[in-house]
Amino acid sequence: MQQEAGVGGEALEVWIDQDLCTGDGICAQYAPEVFELDIDGLAYVKGEQDELLQAKGAVTPVPLPLLGDVVDSARECPGDCIHVRRVADGVEVYGPDAE
Ligand code: SF4
């Protein structure tokens with residue numbers, strides 16, 4: 001099993017608000033292991049078996065080696081719709097709702 005990312009060792013997970021996604025594909029360029037565009041032209045996260053999770057707002061763990069790429073995706077996302085949060089308490093640590 002892949003080690004998951006964390007701030008201070010805490011596990012993180014990521015989800016996309018597809019209602020705000022512009023479909024530009026920046027996230028899939030930064031972190032293709034985590035994000036992919038579906039045939040509807042919107043980005044979705046991928047599961048731990050590399051499968052595309054096609055449910056809106058689906059959540060997937062952030063693997064530690066990919067944390068930088070996922071954070072860059074959240075920062076550059078034109079739709080401000082990539083949310084990275086702590087698994088333990090659901091607090092967003094990167095993304096539009098992070099403090
Ligand atoms: S970077 Fe943001 S707006 Fe662009 S495809 Fe990814 S989730 Fe959608």
Side-chain angles (χ1 to χ4, degrees):
M1 189 171 162
Q2 249 181 329
Q3 190 181 4
E4 289 164 12
V7 177
E10 292 176 308
L12 299 178
E13 57 192 11
V14 59
W15 65 280
I16 294 173
D17 181 353
Q18 277 81 18
D19 288 343
L20 298 177
C21 176
T22 68
D24 54 82
I26 288 174
C27 56
Q29 290 176 21
Y30 277 115
E33 303 90 343
V34 179
F35 306 112
E36 187 175 308
L37 294 183
D38 200 4
I39 52 173
D40 63 3
L42 302 177
Y44 291 80
V45 297
K46 297 164 86 168
E48 293 181 86
Q49 310 301 323
D50 206 37
E51 77 281 17
L52 194 60
L53 303 180
Q54 294 164 300
K56 283 191 170 183
V59 180
T60 197
V62 179
L64 181 56
L66 300 177
L67 177 60
D69 293 336
V70 170
V71 171
D72 284 346
S73 300
R75 289 192 173 132
E76 300 296 325
C77 171
D80 275 340
C81 57
I82 297 177
H83 302 264
V84 181
R85 68 189 184 196
R86 282 197 298 257
V87 173
D89 57 9
V91 172
E92 183 157 314
V93 289
Y94 304 105
D97 298 331
E99 291 184 357

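Heavy-atom basis, side chains included; hydrogens, waters and symmetry copies ignored. In listed order, ligands and their atoms are each counted from 1.
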Indicate, with yes or no, if V34 and L53 share a hydrophobic cluster defined by side-chain heavy-atom contacts under 4.5 Å among Ile, Leu, Val, Met, Phe, Trp and Tyr. yes
Under 4.5 Å between side-chain heavy atoms, counting indirect links through other Ile/Leu/Val/Met/Phe/Trp/Tyr residues: same cluster for V14 and I26 or not? no
Treating K46 as the side-chain partner and T60 as the backbone partner, does any N or O pair qualify as donor plus acceptor under 3.5 Å? no
Once you round to the nearest 0.5 Å, how far does NE2 of H83 lie from CG of L12? 14.5 Å
Starting at CG of D97, measure out to CZ of R85 and round the result to the nearest 0.5 Å. 11.0 Å
Side-chain touch D19/K56, heavy atoms, less than 4.5 angstrom: yes
Tally every protein N/O/S atom whose distance to atom 6 (Fe) of ligand 1 is less than 2.8 Å; waters are neither shown nor counted. 1
